[in-house]
> 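Pasting in a structure now, in structure tokens, and then I'll have a few things to ask.
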Amino acid sequence: QVQLVESGGGLVQAGDSLRLSCAASGRTFSTLTMAWFRQSPGKEREFVAAVSRSGGSTYYADSVKGRFTISRDNAKNTVYLQMISLKPDDTAVYYCAAQVFGSTRATKGEYHDWGQGTQVTVSS
């Protein structure tokens with residue numbers, strides 16, 4: 001089982017930037033495809049971005065493309081989500097997720113380990 005701990009959330013204003021981090025343990029990090037999801041009150045958890053095991057391939061939801069960048073540091077067992085030009089609609093709890101090997105195009109149900117989430121609130 002993979003343990004995931006997110007950090008970096010907070011309260012920001014529209015247009016601001018924020019960087020989330022997710023530290024992983026319990027399995028060789030380079031065997032994991034990593035992703036970020038988010039969930040707003042009353043809504044289903046939705047995909048945000050994913051990065052391949054090597055970091056060479058990424059995939060984004062249309063709603064964040066061009067504003068968010070996912071990356072990873074396999075030496076630090078950490079995945080990041082750099083968010084710029086934040087909007088109030090980006091307000092959500094952001095979750096880190098992992099799947100062994102897998103694909104950046106995987107669905108939510110294919111991710112087997114999840115973090116506890118970190119709150120991001122964007123005020124207008």
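Because only heavy atoms are used, hydrogens play no part in the values below, and waters and symmetry mates are left out as well, while side chains stay in. Quick note: residue numbers are just sequence positions, from 1.
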> Checking D16 against M83 for the side chain to side chain contact (heavy atoms under 4.5 Å, CB included) test, could you report, in this order, the C-alpha distance in whole Å, the side-chain angles of both residues, the deciding distance, and whether it holds?
CA-CA 8 Å; D16 283 352; M83 305 183 290; over 6 Å; no
> Under a 3.5 Å distance rule, please check whether Q3 uses its side chain to pair with a backbone N or O of Q1 as donor and acceptor.
yes
> Is it true that V48 and Y111 fall in one hydrophobic cluster, defined by side-chain heavy atoms closer than 4.5 Å?
no
> Would you confirm whether E6, through its side chain, and Q116, through its main-chain N or O, come within 3.5 Å as a donor-acceptor pair?
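Indeed, once roles are kept as given, a pair shorter than 3.5 Å links the two residues.
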> Could you walk me through whether V120 and L18 pass side chain to side chain contact (heavy atoms under 4.5 Å, CB included), step by step?
CA-CA 9 Å; V120 172; L18 205 58; 4.0 Å; yes
> Starting from W36, can I reach L4 by hopping between I/L/V/M/F/W/Y residues whose side chains sit under 4.5 Å apart?
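Result: yes, single cluster for both.
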> Has R38 got its NZ or CZ under 6.0 Å from the middle of the six-membered ring of Y95, at an angle within 45 degrees of the ring axis?
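No, a cation-pi geometry is absent between R38 and Y95.
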> Nearest 0.5 angstrom please: S124 OG to Q13 CD, how far?
9.5 Å
> Please report the C-alpha distance between L32 and V2 in whole Å, then the side-chain angles of each, then the deciding distance to 0.1 Å, and finally whether the side chain to side chain contact (heavy atoms under 4.5 Å, CB included) criterion is met.
CA-CA 9 Å; L32 302 172; V2 180; 4.0 Å; yes
> Do M34 and L20 share a hydrophobic cluster, counting only Ile, Leu, Val, Met, Phe, Trp and Tyr and linking them when any side-chain heavy atoms are less than 4.5 Å apart?
yes
> Quick check: do Y94 and Q39 have side-chain heavy atoms less than 4.5 Å from each other?
no
> Do F47 and L81 land in one hydrophobic cluster if side-chain heavy atoms of ILVMFWY residues count as linked below 4.5 Å?
no
> Determine, using ring centers only, whether W114 and F37 are less than 6.0 Å apart.
yes
> Can you establish whether the number of heavy atoms outside K65 located under 6.0 Å from its atom NZ is more than 12?
yes
> If only atom types and distance count, is the side chain of K108 paired as donor or acceptor with the main-chain N or O of R45 below 3.5 Å?
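The answer is yes, because a donor-acceptor pair under 3.5 Å joins these two groups.
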> Does T33 reach the main-chain N or O of F101 with its side chain, forming a donor-acceptor pair under 3.5 Å?
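The answer is yes, because a donor-acceptor pair under 3.5 Å joins these two groups.
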> May I ask you to decide if A24's main-chain N or O and T78's side chain share a donor-acceptor pair within less than 3.5 Å?
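Absent.
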> Determine whether a donor-acceptor pair (N or O, by modelled atom type, separation under 3.5 Å) exists between the side chain of T91 and the backbone of T121.
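A pair under 3.5 Å: no.
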> Give the minimum heavy-atom separation between N74 and S30, together with the two atoms involved.
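For N74 versus S30, the nearest heavy atoms are ND2-CB, 3.8 Å.
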> Indicate yes or no for a side-chain donor-acceptor contact from S17 to the backbone of I84 under 3.5 Å, with no hydrogens or angles considered.
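No: the side chain of S17 does not pair with the backbone of I84.
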> Check whether R53 reaches the backbone of S103 with its side chain - one donor and one acceptor, N or O, closer than 3.5 Å.
no
> Do V79 and V93 belong together in a cluster built from hydrophobic side chains that touch within less than 4.5 Å?
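Cluster IDs for V79 and V93 differ.
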> Measure from NZ or CZ of R72 to the centre of the six-membered ring of Y80, then state whether that distance is under 6.0 Å and the direction lies within 45° of the axis.
no
> Measure from the side-chain N and O atoms of R27 to the backbone N and O of V100, and report whether any donor-acceptor pair falls under 3.5 Å.
no
> Which heavy-atom pair separates P88 from A14 by the least distance, and what is that distance?
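Closest heavy-atom pair between P88 and A14: CD-CB, 4.1 Å.
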> Closer than 3.5 angstrom, by distance alone: can the side chain of Y60 be matched with the main-chain N or O of I70 as a donor-acceptor pair?
yes
